[in-house]
Amino acid sequence: MIGRFQWWSLTALASMVATPVAAESILFVGNSFTFGAHSPVMRYRPDLVRDLNREGIGGVPALFKTFAEEAGQDWQVSLETAGGRDLAYHYEQKRKEIDRRWDVVVLQGYSTLDAQRPGDPTRHAEAAGLLTAMLRRANPRVRVELVSTWSRADLTYRTASPWRGRPIAAMADDLAAANAYAVRRYPEISGTIPVGQAWNRAWAERVADPNPYDGTAFGQVDLWTWDQYHASAAGYYLEALVVFGTITGFDVRRLGEQEKAGIDLGLEPRLIGRLESIAHAEVTAVRP
């Protein structure tokens, strides 16, 4: 016979099991580097995410959602993106869309930080701070992460810029330093996501070719698309892996070489595995 206390305990346990755990919410705020411009990533599975601008974007957020489903994690994924815009634009023009309660927010700024003063972190950091303060008013416990993006080949090898003639990894390192500055200046920002450093690692480990202008070496992949500015499907895929690994702590190597989104995008299984290893190594700060 079950006693009253035992019966109550079993009933309470059954109630807890029957009650679904609420999904965590994540918002991606960014531009073409988030929505996957000039690649099939842009229109990848828009049904998986909520595009606050109603433009039918899937992008990196849809890759994140796919990884989450494969990892058995429940995330409600939303995005608010605008091509060629920095974080100040989103704060000034898109507060109506993004000023609400989120558990996690991923912020991705302009590729050169400031379109008028390339490399200057001031405007970028201030906008990140303003967005974070706004988001924290809606949820004091929100986690806000800044994406450190990749070096642009066009600005390193061809176009006048602060990075022309410098090593290909230099621009990504400068962007990461700018985000570190933003976090120091606005400690309410939770941290940074080392996407550009993962690209640097891919070049160092000869998984990717660092100079698309002299041809792609046999056995290596080009992380840029045709404009040598935006990412290829492989480049955005690596971005998504780093974001997912950083936000969730999940070892992305466990997704395996047959990971669904990578296969859908036409990536070679062996390359999928290599990109997963690079993302995991960068997220866990394993040096090459």
Side-chain angles (χ1 to χ4, degrees), residues 25-68 75-95 97-98 102-113 115 124 127-128 131-132 135 143-152 172 175-176 178-179 182 189-199 223-225 227 229-248 261 265 279:
S25 62
I26 183 169
L27 171 67
F28 288 78
V29 176
N31 51 45
S32 56
F33 281 17
T34 296
F35 67 64
H38 305 322
S39 86
V41 171
M42 181 174 175
R43 300 298 178 189
Y44 181 75
R45 295 299 307 276
D47 57 297
L48 294 178
V49 298
R50 182 169 56 132
D51 181 354
L52 301 184
N53 293 327
R54 299 179 182 178
E55 296 172 335
I57 300 294
V60 169
L63 300 184
F64 181 101
K65 177 65 174 180
T66 302
F67 300 159
W75 286 89
Q76 295 176 343
V77 182
S78 300
L79 62 116
E80 190 283 296
T81 56
R85 301 295 188 174
D86 61 7
L87 293 179
Y89 167 84
H90 296 283
Y91 180 75
E92 294 163 1
Q93 303 294 328
K94 292 293 183 176
R95 287 200 295 273
E97 286 80 6
I98 63 181
W102 308 98
D103 295 312
V104 179
V105 178
V106 175
L107 301 177
Q108 177 261 307
Y110 193 68
S111 64
T112 63
L113 302 173
H124 172 76
L131 283 165
T132 301
L135 294 162
R143 176 181 174 187
V144 180
E145 297 278 348
L146 289 176
V147 177
S148 299
T149 55
W150 52 86
S151 298
R152 287 174 48 178
L175 299 176
N179 274 347
I189 299 172
S190 305
T192 64
I193 301 177
V195 173
Q197 282 59 54
W199 279 46
L223 294 177
W224 295 283
T225 190
D227 62 1
Y229 168 179
H230 293 87
S232 63
Y236 289 122
Y237 187 75
L238 179 55
E239 175 185 9
L241 289 169
V242 175
V243 173
F244 186 74
T246 301
I247 296 299
T248 67
L265 293 171

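Throughout, residue positions are numbered sequentially from 1 according to the sequence presented. Computation of the quantities below employed the complete heavy-atom set of this structure, encompassing side-chain atoms and omitting hydrogens, waters and symmetry-equivalent molecules.
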Shortest non-hydrogen contact from [X] toward [Y]:
X      : Y      : value
Phe67  : Ala261 : CE2-CB, 4.2 Å
Ala172 : Ser151 : N-OG, 2.9 Å
Val195 : Val147 : CG2-CG1, 3.7 Å
Ile98  : Trp102 : O-NE1, 2.9 Å
Glu145 : Arg143 : OE2-NE, 2.9 Å
Asn179 : Ser148 : ND2-OG, 2.9 Å

Measure the [atom1]-[atom2] distance between [X] and [Y] for me, rounded to the nearest 0.5 Å.
X      : Y      : atom1 : atom2 : result
Thr81  : Phe33  : OG1   : CZ    : 13.5 Å
Leu27  : Leu107 : CG    : CG    : 8.0 Å
Gln197 : Leu175 : CD    : CG    : 8.5 Å

Side chain to side chain donor-acceptor pair (under 3.5 Å) partners for Thr66, two or more places apart:
none
Non-neighbouring partners of Ser111 that pass side chain to side chain donor-acceptor pair (under 3.5 Å), sequence neighbours left out
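With sequence neighbours excluded, Ser111 shows a side chain to side chain donor-acceptor pair (under 3.5 Å) to Arg152, given in chain and number order.
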Which salt bridge (charged side-chain N to carboxylate O under 4.0 Å, His left out) pairs, counting each pair once, include a residue from residues 46-58, with sequence neighbours left out?
Arg45-Asp47
Test applied, side chain to side chain contact (heavy atoms under 4.5 Å, CB included); reference residue, Ile26; option that passes from Val49, Val106, Val243:
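Option passing the side chain to side chain contact (heavy atoms under 4.5 Å, CB included) with Ile26: Val106.
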Against Leu146, only a single residue in Leu131, Leu87, Thr132 fulfils side chain to side chain contact (heavy atoms under 4.5 Å, CB included); can you say which?
Leu87
Report the residues that fulfil ring pair (Phe, Tyr, Trp, His ring centres under 6.0 Å) with His124, sequence neighbours left out, ordered by chain and then residue number.
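Residues passing ring pair (Phe, Tyr, Trp, His ring centres under 6.0 Å) with His124: none at all.
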With sequence neighbours left out, what residues match Phe64 under ring pair (Phe, Tyr, Trp, His ring centres under 6.0 Å)?
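For Phe64, the residues satisfying ring pair (Phe, Tyr, Trp, His ring centres under 6.0 Å) (neighbours in sequence not counted) are Phe28, Trp75, Phe244.
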Name all residues meeting the side-chain contact (heavy atoms from CB on, under 4.5 Å) criterion together with [X]; count only those two or more places apart in sequence or in a different chain, and write none if there are none.
X      : answer
Ser232 : Ala234
Ala178 : Leu113, Pro121
Arg85  : Ala82, Tyr89, His90
Ala231 : Trp150, Trp199, Tyr236

Where at least one partner belongs to residues 25-37, residue pairs that pass side chain to side chain donor-acceptor pair (under 3.5 Å), sequence neighbours excluded:
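Listed by first then second residue: Ser25-Asp103, Asn31-Gln108, Ser32-His230, Thr34-Gln108.
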Run the numbers on Leu63 and Glu239 for side chain to side chain contact (heavy atoms under 4.5 Å, CB included), then give the verdict.
CA-CA 10 Å; Leu63 300 184; Glu239 175 185 9; over 6 Å; no
Side chains of Val60 and Leu79: closer than 4.5 Å at any heavy-atom pair?
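The answer is no; the side chains never approach within 4.5 Å.
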Contacts of type salt bridge (charged side-chain N to carboxylate O under 4.0 Å, His left out), residue Glu80, not counting sequence neighbours
none
Looking at His38, is its backbone amide N or carbonyl O close enough to the side chain of Thr225 to form a donor-acceptor pair, meaning the two atoms are under 3.5 Å apart?
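Confirmed, Thr225 side chain pairs with His38 backbone.
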